[in-house]
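Contents: one structure, followed by commentary.
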Amino acid sequence: MKIQTNSSGTRNMEVSEEHLATIEKYQLFRDLIDSTGYVDEQVLDKLKLNVRSLLEGDAGKDKALLDLCLDVIYHPNMKAFGLQQLVILYINWKNAGNGNLGMTTRAFQGTPFH
């Protein structure tokens, strides 16, 4: 799956199902976005700090987490816009994975995340 990482559409990044499963396994988006629901550079910095903390523990031995860091989170193209696209992709992936049981909303660009 490919996500756009800037608003002009000139930069993209590949995200695999394994990356999304790793985000789910470590609940990386839990409590990440504040009450405004908007993703900005501070939210990206918070994610990087949370991941760095995980890497310093036993999770640092998890190849899937290391791959997620190298391929996505610490990718040179990852900015706040890209993180917002990743969150949207993740929400839609989760909704598709549970057969939309009780979840009929699809996230799209401009969606504040509360």
Side-chain angles (χ1 to χ4, degrees):
M1 298 164 265
K2 191 174 276 196
I3 61 169
Q4 185 177 321
T5 58
N6 66 357
S7 58
S8 64
T10 57
R11 296 183 187 266
N12 297 294
M13 172 186 312
E14 281 294 324
V15 178
S16 70
E17 280 226 26
E18 185 176 293
H19 292 139
L20 297 173
T22 303
I23 291 168
E24 179 178 38
K25 177 180 177 181
Y26 290 100
Q27 301 178 0
L28 295 179
F29 293 159
R30 176 172 289 198
D31 300 326
L32 182 67
I33 301 167
D34 66 17
S35 62
T36 65
Y38 292 101
V39 177
D40 58 16
E41 292 300 323
Q42 288 180 333
V43 174
L44 179 58
D45 291 342
K46 181 179 176 184
L47 174 62
K48 288 179 178 180
L49 288 172
N50 291 346
V51 169
R52 188 173 303 147
S53 171
L54 283 172
L55 290 172
E56 290 172 358
D58 288 341
K61 299 173 187 159
D62 184 350
K63 182 181 178 331
L65 182 60
L66 293 171
D67 288 345
L68 175 67
C69 289
L70 293 173
D71 299 343
V72 180
I73 295 173
Y74 287 97
H75 189 284
N77 288 344
M78 180 55 81
K79 305 289 185 231
F81 185 91
L83 179 56
Q84 181 177 9
Q85 298 306 303
L86 181 61
V87 170
I88 290 169
L89 176 65
Y90 176 77
I91 290 169
N92 291 332
W93 175 78
K94 284 287 293 176
N95 287 346
N98 70 15
N100 288 326
L101 297 175
M103 302 175 91
T104 56
T105 305
R106 280 189 58 85
F108 55 91
Q109 179 61 35
T111 302
F113 306 107
H114 296 292

How long is the span from the CG atom in Leu68 to the CG atom in Leu86, to the nearest 0.5 Å?
7.5 Å
Is any side-chain heavy atom of Leu20 closer than 4.5 Å to a side-chain heavy atom of Met1?
yes
Considering all heavy atoms, the nearest Leu28-Leu47 contact:
O-CD1, 3.8 Å
Going by heavy atoms in the side chains, are Ile33 and Val39 under 4.5 Å from each other?
yes
Distance col, row Arg11:CZ vs Asn77:CG, nearest 0.5 angstrom, shows 5.0 Å
Side-chain donor or acceptor of Ser53 paired with backbone N/O of Leu49 under 3.5 Å:
no
Gap between atom CZ of Arg30 and atom CG of Asn50 - 0.5 Å precision:
12.5 Å
Looking only at heavy atoms, which two atoms of Thr5 and Lys79 are closest? And how far apart?
O-CB, 4.4 Å
For the residue pair Leu83 and Met78, what are the closest heavy atoms and their distance?
N-SD, 3.3 Å
What I'd like to find out is whether the side chain of Val72 reaches to under 4.5 Å of the side chain of Met13, using heavy atoms alone.
yes
Going by heavy atoms in the side chains, are Ile73 and Lys48 under 4.5 Å from each other?
yes
When you compare the side chains of Ser16 and His19, does any donor N or O come within less than 3.5 Å of an acceptor on the partner?
yes
Tyr74 and Arg52 have their tightest heavy-atom pair at OH-NH2, 3.8 Å
Heavy-atom side-chain contact between Leu66 and Leu55 under 4.5 Å
yes
Which atom of Tyr26 lies closest to which atom of Ala59, heavy atoms considered:
CE2-CB, 3.6 Å
Answer yes or no: is there a side-chain heavy-atom contact under 4.5 Å between Gln85 and Leu89?
no
Are Val43 and Phe29 close enough that some pair of their side-chain heavy atoms sits under 4.5 Å apart?
no
Does a side-chain heavy-atom distance below 4.5 Å link Tyr90 with Val15?
no
Using a 3.5 Å distance criterion without hydrogens, assess whether the side chain of Asn92 forms a donor-acceptor pair with backbone atoms of Asn95.
no
Quick check: closest heavy atoms across Ala64 and Asp62, and the distance to 0.1 Å?
N-OD1, 2.9 Å
